[in-house]
Number of protein chains: 2
Amino acid sequence: MNSFTEENYLKAIFKLSLGSNKDVSTNAIAEQLDTRASSVTDMIKKLSDKKLVKHVKYKGVSLTGSGKKIAVSIVRSHRLWEVFLAEKLHFKWDEVHEFAEELEHIKSDELTERLDAFLGFPKHDPHGDPIPDKEGNINRHKDITVANLKLNEKGVIVGVKDHSKSYLKYLERLDLILGTEIEVKDVVDFDLSITLSVNETFSVSISNQASKNLIVKKLK
Amino acid sequence: MNSFTEENYLKAIFKLSLGSNKDVSTNAIAEQLDTRASSVTDMIKKLSDKKLVKHVKYKGVSLTGSGKKIAVSIVRSHRLWEVFLAEKLHFKWDEVHEFAEELEHIKSDELTERLDAFLGFPKHDPHGDPIPDKEGNINRHKDITVANLKLNEKGVIVGVKDHSKSYLKYLERLDLILGTEIEVKDVVDFDLSITLSVNETFSVSISNQASKNLIVKKLK
DNA sequence: AACATTTTTTAGACTTGTCTAAAAAATGTT
DNA sequence: AACATTTTTTAGACAAGTCTAAAAAATGTT
Ligand SMILES: [Mn+2]
Ligand SMILES: [Mn+2]
Ligand SMILES: [Mn+2]
Ligand SMILES: [Mn+2]
């Protein structure tokens, strides 16, 4: 069995390897987990002994097959619990993550599968992130953001790239929640801020920083 | 904040103080938590520094007001999670305890209250144990067991005193589950084994060991 | 290629919770 | 009351995970 701490390292390495297929650096992990590089080196040694990561000294680290399997199963459990907390216990989307960080470590395949069934096999968590299936397959949506949309193009909000409480609360205040339909009405070339029409009911202007973290599915 | 370990000690002391109001012994705690007396002494020192227990050297330990409050809130959370696991995820009553041992430590009053509401404010857990209310009040049912019933007396099963997997599975196999109506049809004076009529449909014979762990509400 | 900066690893220490072995106190027995 | 047994505490050690400070390796710059 792996400790909570080991699981959190595996999850961090998994997150940092998404997208690029380069090895993950010690410092990146340290920052992700808010710890020191020396602590990371120690833990990498341990995970390496357990064959959960591959490590070349001074070069970087990557997950092995079994390491990745564990990481994905934790992500799956995390996101299912987030769905439970949001849909069943009516927590807001900026509140679910902290609880899920703890719930995810209650490891039992049986528990996860039953939770999945109870929730009706959801495909996405409250932030639009895909829930890996039992076999660990993940359907990532392509990262088209509001910032990528051109004038007069339409989209539906399907996710966020920034998961911070402040960003999520800000979006909720503007009704920019999952499923919302938006249309680009104006782009200011000076600072790339964008004015959106929301659900064809009202307009709102958001910064480039905000628009490039809001994932959409383009509507024809 | 208290660690999982500290919480488990508080819970153990709470359980051991139920019924009798004598102080709890170091050895009793060690046995309950499957650890050594010396470890218990160490932890008692720590909990005592935090004013969660009162300790007189060589005499024994008891919970303070705040220690008891924490212990009860963990019991509340534990039993609510057990209800969730049994009713919503359809785990059997001999399977829920282990998961609840982990879930109970996800401490957040808000989470507990929402879970309580989601479950419809249950009064008892899947083993018939009372769920403490938000203020920590517990409605213990009085301990009348099948062994206390006289010939031809009737009762409804409302709880168990032994929570072991083997006992719970055994009872389930005999359909001696919560809510079942039973009537004492025969008592063997040699070994105190009892023959029961179950739900007025069939008969079964159980040992004294089994009958004195099965809590009933007597029916007139 | 030589020097400067950044990144990573090592060395050694600290905290939490555990253990064994031994000492001290309490309890039981004659 | 004296001795034996049991219970509890103390002393000292260990594993997990963390930290700071310093050494080693890699990378960047002239
Ligand atoms: Mn999350
Ligand atoms: Mn999420
Ligand atoms: Mn239980
Ligand atoms: Mn129970």
Side-chain angles (χ1 to χ4, degrees), chain A residues 1-17 20 22-63 67 70-71 74 101-102 104-107, chain B residues 1-17 20 22-63 67 70-71 74 101-102 104-107:
Chain A
M1 243 311 95
N2 307 298
S3 67
F4 282 23
T5 312
E6 290 170 310
E7 291 187 352
N8 283 333
Y9 273 90
L10 292 175
K11 205 172 45 140
I13 296 167
F14 176 73
K15 272 192 187 151
L16 293 167
S17 357
S20 99
K22 273 183 288 183
D23 281 3
V24 176
S25 77
T26 302
N27 267 351
I29 299 170
E31 186 175 4
Q32 174 83 20
L33 294 177
D34 195 26
T35 184
R36 300 297 172 165
S38 56
S39 308
V40 174
T41 302
D42 287 347
M43 181 55 81
I44 285 174
K45 211 166 296 167
K46 206 167 126 194
L47 294 174
S48 187
D49 289 347
K50 287 188 167 194
K51 310 262 187 231
L52 298 174
V53 303
K54 213 176 92 247
H55 183 225
V56 183
K57 256 194 202 172
Y58 292 102
K59 285 301 182 181
V61 75
S62 61
L63 294 176
I70 293 169
I74 296 167
E101 281 292 301
E102 305 193 45
E104 69 187 7
H105 298 293
I106 297 173
K107 283 294 305 133
Chain B
M1 247 308 98
N2 307 299
S3 68
F4 282 23
T5 312
E6 290 170 310
E7 291 187 351
N8 283 334
Y9 273 88
L10 292 176
K11 206 173 42 141
I13 297 167
F14 176 73
K15 272 191 186 150
L16 294 168
S17 357
S20 98
K22 274 184 288 182
D23 281 5
V24 176
S25 78
T26 303
N27 268 351
I29 299 169
E31 185 175 3
Q32 173 83 19
L33 294 177
D34 196 27
T35 184
R36 300 296 173 165
S38 56
S39 309
V40 174
T41 303
D42 287 348
M43 181 55 81
I44 285 173
K45 211 167 295 166
K46 207 168 127 196
L47 294 174
S48 186
D49 289 348
K50 287 189 167 192
K51 310 262 187 228
L52 298 174
V53 302
K54 211 175 94 246
H55 183 225
V56 183
K57 257 194 200 170
Y58 291 101
K59 287 299 181 181
V61 73
S62 61
L63 294 176
I70 293 170
I74 296 167
E101 281 292 302
E102 305 194 46
E104 69 186 8
H105 298 292
I106 298 173
K107 283 293 307 134

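These figures come from a predicted structure and were not determined experimentally. Naming convention: chains lettered A, B, ... in sequence-line order (proteins, then strands); numbering from 1 in each chain.
Considering only heavy atoms from C-beta on, B:Ser3 stays 4.5 Å or farther from B:Tyr9 through its side chain. The side-chain heavy atoms of A:Thr35 and A:Ile29, taken from C-beta on, include no pair separated by under 4.5 Å.
Atom CG of A:Asp42 and atom P of D:dA21 are 17 Å apart (whole Å). Going from atom CZ of A:Arg36 over to atom P of C:dT15 covers 17 Å, rounded to whole Å. Whole-Å rounding puts the B:Glu7 CD to C:dT16 P distance at 16 Å. Atom-to-atom, CG of B:Asp34 to C1' of C:dC19 comes out at 13 Å; the value is rounded to the nearest Å. Nucleotide C:dT18 holds its C1' atom 16 Å from the CD1 atom of B:Ile29, rounded to whole Å. Rounded to an integer number of Å, the gap from B:Leu33 CG to C:dC19 P is 11 Å.
Relative ring orientation between B:Phe4 and A:Phe4 is described as perpendicular, the plane-to-plane angle rising above 60° on a 0-90° scale split at 30° and 60°.
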Exercise. Output, in order, the C-alpha distance, side-chain angles, deciding distance and verdict of side chain to side chain contact (heavy atoms under 4.5 Å, CB included) for A:Ile106 and B:Ile106.
Key: CA-CA 11 Å; A:Ile106 297 173; B:Ile106 298 173; 4.2 Å; yes

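In a base pair of the Watson-Crick type (N1 to N3 plus N6-O4 or O6-N4) or a G-U wobble (N1-O2 and O6-N3), with each distance short of 3.5 Å, D:dT10 is matched with C:dA21. If you check C:dT27 for Watson-Crick or wobble pairing at under 3.5 angstrom, you find it paired to D:dA4. Summarising the base pairing, C:dT16 is matched to D:dA15 through a Watson-Crick or G-U wobble pair whose two defining distances lie under 3.5 Å.
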Close N/O contacts between protein and nucleotides 5-9 of chain C (under 3.5 Å):
unit_1: C:dT8; atom_1: OP2; unit_2: A:Asn27; atom_2: N; d: 2.9
unit_1: C:dT8; atom_1: OP2; unit_2: A:Asn27; atom_2: ND2; d: 3.3
unit_1: C:dT9; atom_1: OP1; unit_2: A:His55; atom_2: NE2; d: 2.7
unit_1: C:dT9; atom_1: OP1; unit_2: A:Tyr58; atom_2: N; d: 3.1
unit_1: C:dT9; atom_1: OP2; unit_2: A:Thr26; atom_2: OG1; d: 3.0
unit_1: C:dT9; atom_1: OP2; unit_2: A:Thr41; atom_2: OG1; d: 3.1

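Here CG of B:Leu63 is found 13.0 Å from NZ of B:Lys11. Values are rounded to the nearest 0.5 Å.
For D:dT18, one of the phosphate oxygens OP1 or OP2 lies less than 4.0 angstrom from a side-chain nitrogen or oxygen of A:Tyr9.
Among residues at least two apart or in separate chains, salt bridge (charged side-chain N to carboxylate O under 4.0 Å, His left out) pairs with a member in residues 47-58 of chain A are A:Glu6-A:Lys50.
Under the 3.5 Å distance criterion, with hydrogens and angles disregarded, no donor-acceptor pair is assigned to the side chains of B:His55 and B:Asp23.
Among the protein residues, A:Ser39 comes within range of the nucleic acid bases, having at least one heavy atom under 4.0 Å from a base atom.
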